[in-house]
Amino acid sequence: MAKVAAYATASAKSPLAASIIERREPGPDDVVLDVLYCGICHSDVHQARDEWGGALFPMVPGHEIVGRVSRVGKNVTEFAPGALGAVGCFVDSCMHCEPCSEHHENFCEKGVAYTYNSTEMDRKTPTFGGYSKQIVVKEHFVLKVPAGLDVSSAAPLLCAGITTYSPLRQWNVKQGDKVAVVGLGGLGHMGVKLAASMGAEVTVLSTSRTKEADARKFGARHFEVTKDPATFKKLRGHYSFILDTVSAPHDYNAYLELLKPYGTMVLVGVPPEPSPVAAFALIGGNRKLAGSNIGGIKETQETLDYCAAHKIAPEVEIIPIQKVNEAYERMIRNDVRYRFVIDMASLS
Ligand code: NAP
Ligand code: ZN
């Protein structure tokens, strides 16, 4: 066991604070990463504050991790000390069930081992995330950071990137499609950049006008404010695909009405409370409501490679770890442009 500096929270009501955790000695299939950067996802806030229930404390959040390999086990072939490596939302799975063998480790029948607020596959050992100096991960779950990516801004691709790339691919978003992205935060801004790069005509549906200039810079052609009820009248039946990234409760029915017949709205945002959906909102045009959960390792690598090839990078505000509690508060106030990334050199 190695002692590793981290930022942890002891309960849903306490702030994150400096702490020491234990990491296992690397086994033959493991890669040890010295964490360089870790993004802050709104899921970190939901979980650290136990908004989804069942949280495990103490908790070290962080599942958008870019690091430098410091050691590797003897069976590791794809990584060597000195290389860059990245870790996303999970660190292990059974690797044998049907979803695992189809590259959907996120849906492992035995239950995936999430990067934090979870346990290893032994179902006993707690997992701790990327707000720490070092992480030990089985090679299969470590991603390669392509040369074209900037190291300091790449971390959000490991969650915000794959979570928006995956549904755009699943629903085959393409040239000329009218696509709306609801909420311009960490996920939303990646959704806009990715959908625009696939040729879609993108609209951002936002709660205020303040992010309009940024949205257009990211590739949106249109920007509409959802606080104004007239917006919902004007845009009725307009979109073939809506990507909903909103973290707080809102009325799905109003957004479903914006779909064309046979259109699909995909939820990636996970508000803590359920929200009713009226049958009429769906049957009115054979509309579909779906969900999407991050993506498997193969597709996460595809996301990194796609972003390197298309020169797509997250917009980040780099902070020292001592500002993490303030960053959570700012995120809740929609004051994030557009992802906080912790520079782990700030933790000694
Ligand atoms: P974020 O950066 O905080 O962005 C959320 C955005 O939602 C805000 O910027 C805001 O955009 C909009 N919003 C906030 N409150 C709203 C309200 N009451 N009504 C309407 N819009 C509101 O969060 P994030 O990191 O992108 O995460 C978004 C959600 O996705 C979270 O619930 C997170 O847990 C979830 N998530 C899901 C997956 C998955 O696999 N499905 C993966 C990662 C994260 P505007 O200012 O433009 O209105
Ligand atoms: Zn996330």
Side-chain angles (χ1 to χ4, degrees), residues 38-52 55 61-65 87-90 104 106-107 112 114-117 129-131 155-168 170 180-193 202-215 218 220 223-228 231-232 242-252 254-255 266-273 275 290-296 299-300 303 314-317 327-341:
C38 186
I40 301 180
C41 178
H42 207 113
S43 302
D44 298 353
V45 181
H46 291 311
Q47 292 179 89
R49 300 185 174 186
D50 198 14
E51 292 172 355
W52 292 339
H63 59 204
E64 295 184 335
I65 301 165
V87 178
C89 297
F90 47 90
H104 302 303
N106 43 329
F107 303 128
V112 74
Y114 286 105
T115 304
Y116 70 89
N117 190 24
Y131 300 2
L157 298 178
L158 278 302
C159 176
I162 173 63
T163 302
T164 49
Y165 180 86
S166 182
L168 293 170
Q170 284 172 70
V181 174
V182 191
L184 196 67
L187 267 57
H189 94 287
M190 288 310 302
V192 172
K193 289 190 177 204
V202 181
T203 302
V204 168
L205 301 177
S206 184
T207 47
S208 79
R209 271 280 150 223
T210 52
K211 299 175 181 172
E212 178 165 3
D214 289 342
F218 304 155
F223 190 95
E224 303 287 349
V225 176
T226 52
K227 283 263 153 71
D228 180 359
T231 298
F232 288 91
I242 299 178
L243 185 65
D244 182 338
T245 75
V246 173
S247 51
H250 56 294
D251 179 14
Y252 295 137
Y255 292 90
V266 173
L267 307 181
V268 289
V270 192
E273 295 86 25
S275 184
S292 192
N293 181 31
I294 36 177
E299 199 176 33
T300 306
T303 304
E315 307 291 320
V316 302
E317 178 175 340
Y328 277 24
E329 292 305 322
R330 284 182 55 194
M331 206 167 192
I332 289 162
R333 294 198 304 267
N334 289 351
D335 177 23
V336 49
R337 303 288 191 278
Y338 281 86
R339 196 57 136 189
F340 291 111
V341 170

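Indexing begins at 1, ligand by ligand and atom by atom, following the structure's order.
At least one N or O atom of V268 sits closer than 3.5 Å to an N or O atom of ligand 1. The shortest N/O to N/O separation between Y338 and ligand 1 does not fall below 3.5 Å. At a 3.5 angstrom cut-off on N or O pairs, H250 does not count as close to ligand 1. Distances between N or O atoms of L205 and those of ligand 1 include no value under 3.5 Å.
Scanning all protein heavy atoms for the shortest distance to atom 4 (O) of ligand 1 gives G185 CA, 3.4 Å. Nearest protein neighbour of atom 28 (C) of ligand 1, counting heavy atoms only, is T245 O, 3.0 Å.
Using a 4.0 angstrom heavy-atom cutoff, F223 does not count as in contact with ligand 1. For the ligand labelled ligand 1, residue A160 lies outside the 4.0 Å heavy-atom shell.
One distance of note links OG of S166 with CG of N293; it measures 9.0 Å at 0.5 Å rounding. With rounding to the nearest 0.5 angstrom, the OG1 atom of T115 is 5.5 Å from the CD1 atom of I65. Summarising the geometry, atom CG belonging to D44 is positioned 5.0 Å from atom NE2 belonging to H63; distances are rounded to the nearest 0.5 Å. Within the model, atoms CG of L157 and OG1 of T300 stand 10.5 Å from one another, a figure rounded to the nearest 0.5 Å.
For S247, heavy-atom contacts with ligand 1 shorter than 4.0 Å involve the backbone as well as the side chain.
In this comparison of H42, R333, H63, the heavy atom closest to atom 23 (O) of ligand 1 sits on H42.
Ring orientation note: the planes of H46 and H42 are tilted relative to one another, at an angle of 30° to 60°.
Under the salt bridge (charged side-chain N to carboxylate O under 4.0 Å, His left out) test applied with E315, the options K211, R339, K193 reduce to a single match, K193.
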